Q: 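I have a structure here, written as C-alpha cells, and I will follow up with some questions on it.
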Amino acid sequence: MSNIYKALSIAGTDPTGGAGIHADLKTFQEQRVYGMAVITSVVAQNTLGVKSFEEVSIENISEQIDCVFEGIIPDAVKTGMLASQSIIELIANKLKKNEVKLYVMDPVMVAKSGHHLLHEEAISSLKALLIPLATIITPNIPEAEVIIGKNIHTINDMRNAAKEIVEVYGAKAAVIKGGHMQGEARDILYYNGEIKEFSSARYNTVNTHGTGCTFSAVITAELAKNNSIEDSVKTGKEFISQAIQKTLNLGKGQGPTNHFAYNEKNKGY
Ligand SMILES: Nc1ncnc2c1ncn2[C@@H]1O[C@H](COP(=O)(O)OP(=O)(O)OP(=O)(O)O)[C@@H](O)[C@H]1O
Ligand SMILES: Cc1ncc(CO)c(N)n1
C-alpha cells in the first residue's frame, strides 16, 4: 500500500451531498486522500437553496478538532463555511496551536442561492485572523470584492485582487475563481510574485452547486500529497471542469457537480 495522506475539512454540511463537508469528503476520496471532517454548522439545504442552519457550539467544535489532532494528524486542512466570529477565532487558535503548515481557506460567505452563510460582523476577523495563516485562499469574485473592498469587473481587476490579498492581507497564495464572470471560466493565481492563469470553456449548465467547495478540496488533497501550489491549482481546475461538464443532472434546482468525472476520464473508472 502506498503512503496514506490525510486531509481535514472544517466546514458546514449539505444533506444532499453537493457542497460543504459532503463534497469535500467525496473529493478527498476521489483524489486518494484519507478524508476527515469537523462540522461547524448543520445546514438544511438542497439544490433549491438553503432553508436554515444551526451552528455547532464552540465547545463541541473545539473538541472535534482536538479529537482529530490527538489521533490522526492531517497533512493539510481546509476551511469552508465558518458562520460566526467566535468560530473563526477558535479555528485560528487551533490552526496555530497545532502548527498546521498547509491550510487552504475557502472564504465561504454567500451560497449560490443567495443565502448568507457567514455573519456580516465576522468578516473583519476572517480577514485579520485567518487570511495570514492561509497557504492559499480561494475566493470567488464577490468574496474577493468583500475582502479588498473594491469592485472586480475585468481579468485585470482579478489579477490585482489576487496580488493585493497576498501582499496586503498576508495569504501565501490567492486564486480568484472566475465562475461569476462571463465568457471563458478563468481563474487567476498569484503566488511568489507571479500571476498564473487557469482557463476552461464555460459550460452552459445550472448544475454548479458546490463548485467552490470541490475546487478547494482538490487543492487541499493535492497539497496533502506534497504537490506544489501551482500543480495543486492546475489539478483543481481540471477536476472541477470535468465535474461541471459531465453533469449528473440531479435535483430540481442548481444541481451538484459530478465528482466521478475526473477519475473516469483520467483513470478509466
Ligand atoms: N459554468 C462553468 N463552466 C466552467 N467552469 C466553471 C463554471 N462555473 C464555475 N466554474 C469554475 O468552477 C470553479 C469554482 O468557481 P465559482 O466561482 O463557481 O465558485 P463558488 O462561487 O465559490 O462556488 P460555490 O459557492 O457554489 O461553492 C472555478 O474554477 C470556476 O472557474
Ligand atoms: C455548507 C456549505 N458550504 C459552502 C457552500 C457554498 O456553496 C454551501 N452551499 N454550503
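Every number for a ligand or one of its atoms is a count from 1 in the order of the listing. Keep in mind the model is a prediction, meaning the values are calculated, not measured.
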Q: Only one of Val33, Asp231, Thr235 forms a side chain to side chain contact (heavy atoms under 4.5 Å, CB included) with Glu222, so which one is it?
A: Thr235

Q: With a 4.5 Å cut-off on side-chain heavy atoms, are Val166 and Lys172 touching?
A: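 SC-SC contact between Lys172 and Val166 ruled out.
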
Q: Which atoms of ligand 1 are found less than 4.0 Å from any heavy atom of Gly210?
A: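 Answer for ligand 1: 26 (O), 27 (O).
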
Q: At less than 4.0 angstrom from any non-hydrogen atom of Lys237, what atoms of ligand 1 do you find?
A: 29 (O), 30 (C), 31 (O)

Q: Before you tell me yes or no, could you show the steps for Glu238 and Lys265 under salt bridge (charged side-chain N to carboxylate O under 4.0 Å, His left out), namely the whole-Å CA-CA distance, both residues' side-chain angles and the distance that decides it to 0.1 Å?
A: CA-CA 11 Å; Glu238 284 166 8; Lys265 176 165 184 248; over 6 Å; no

Q: Assess, by modelled atom type and distance only, whether the side chains of Thr257 and His209 contain a donor and an acceptor separated by less than 3.5 Å.
A: no

Q: If you have a sec, work out which protein heavy atom is nearest atom 9 (C) of ligand 1 and how many Å separate them, to one decimal?
A: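 Here the closest protein heavy atom is Gly179 CA, 3.5 Å.
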
Q: Are Lys94 and Asp66 within salt-bridge range, i.e. N to O under 4.0 Å?
A: yes

Q: Could you tell me which atoms of ligand 1, counted from 1 in the order shown, lie closer than 4.0 angstrom to a heavy atom of Asp187?
A: 28 (C), 29 (O), 30 (C), 31 (O)

Q: Heavy-atom distances under 4.0 Å decide this one: backbone, side chain, both or neither, for Gln245 against ligand 1?
A: neither

Q: Can you tell if the side chain of Ile21 reaches within under 4.5 Å of the side chain of Ile39, non-hydrogen atoms only?
A: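 They are in contact (side-chain heavy atoms under 4.5 Å apart), so the answer is yes.
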
Q: Pick one of side chain, backbone, both or neither for how Lys112 approaches ligand 1, counting any non-hydrogen atom pair under 4.0 Å.
A: side chain

Q: Looking at Ala201, which atoms of ligand 1 are within less than 4.0 Å of one of its heavy atoms?
A: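 Result: 3 (N), 4 (C).
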
Q: Report yes if the side chains of Asp75 and Leu102 come closer than 4.5 Å at any heavy-atom pair, otherwise no.
A: no

Q: To check your reading of the model: name the closest protein heavy atom to atom 3 (N) of ligand 1, its residue, and the distance in Å.
A: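 Closest protein heavy atom to atom 3 (N) of ligand 1: Tyr203 N, 2.9 Å.
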
Q: Could you please provide the protein residues found below 4.0 Å of ligand 2 on a heavy-atom basis, arranged by chain and number?
A: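 Residue list for ligand 2: Gly12, Thr13, Ala19, Gly20, Gln45, Met81, Val108, Ala111, Leu117, His209, Cys213.
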
Q: Return the set of residues passing side chain to side chain donor-acceptor pair (under 3.5 Å) with Glu164 (not counting sequence neighbours), or none when no residue passes.
A: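 Per chain and number, Glu164 pairs via side chain to side chain donor-acceptor pair (under 3.5 Å) with Lys150.
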
Q: If the cut-off is 4.0 Å to any non-hydrogen atom of Thr208, which atoms of ligand 1 fall inside it?
A: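 Near Thr208, the atoms of ligand 1 are 26 (O).
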
Q: Mark up the atoms of ligand 1 that fall under 4.0 Å of a heavy atom belonging to Cys213, in ascending order.
A: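 Those of ligand 1 that fall under 4.0 Å from Cys213 are 27 (O).
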
Q: Tell me the nearest of Lys177, Glu184, Met181 to atom 15 (O) of ligand 1, using heavy-atom distances.
A: Lys177

Q: Short list, please: which atoms of ligand 1 are under 4.0 Å from a heavy atom of Ala185?
A: 4 (C), 5 (N), 6 (C), 31 (O)

Q: If you have a sec, work out which protein heavy atom is nearest atom 27 (O) of ligand 1 and how many Å separate them, to one decimal?
A: Gly212 N, 2.9 Å

Q: Short question: side chain of Lys177, backbone of Thr138 - any donor-acceptor pair under 3.5 Å?
A: yes

Q: Please state which option from Thr214, Val218, Thr211 has its nearest heavy atom closest to atom 16 (P) of ligand 1.
A: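 Heavy atom nearest to atom 16 (P) of ligand 1 belongs to Thr211.
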
Q: Considering only protein heavy atoms, which is closest to atom 20 (P) of ligand 1, and at what distance to one decimal place?
A: Asn140 ND2, 3.6 Å

Q: What's the shortest distance from atom 11 (C) of ligand 1 to any protein heavy atom, and which residue and atom give it?
A: Ile244 CD1, 3.9 Å

Q: In terms of side-chain heavy atoms, does Asp157 have a donor or acceptor partner in Thr154 at a distance below 3.5 Å?
A: yes

Q: Does Asn207 reach the main-chain N or O of Gly255 with its side chain, forming a donor-acceptor pair under 3.5 Å?
A: yes

Q: Using a strict cut-off of less than 4.0 Å between a Lys/Arg side-chain nitrogen and an Asp/Glu carboxylate oxygen, indicate whether Glu194 and Lys196 qualify as a salt bridge.
A: yes

Q: Between Arg202 and Glu184, is a salt bridge (charged side-chain N to carboxylate O under 4.0 Å, His left out) present by the stated rule, with each step listed?
A: CA-CA 5 Å; Arg202 177 169 300 273; Glu184 265 197 324; over 6 Å; no

Q: What is the nearest protein non-hydrogen atom to atom 21 (O) of ligand 1, stated with its residue, atom name and distance?
A: His180 NE2, 2.7 Å

Q: If you measure from OG on Ser41 to CD1 on Ile87, what distance do you get to the nearest 0.5 Å?
A: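 Answer rounded to 0.5 Å: 6.5 Å.
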
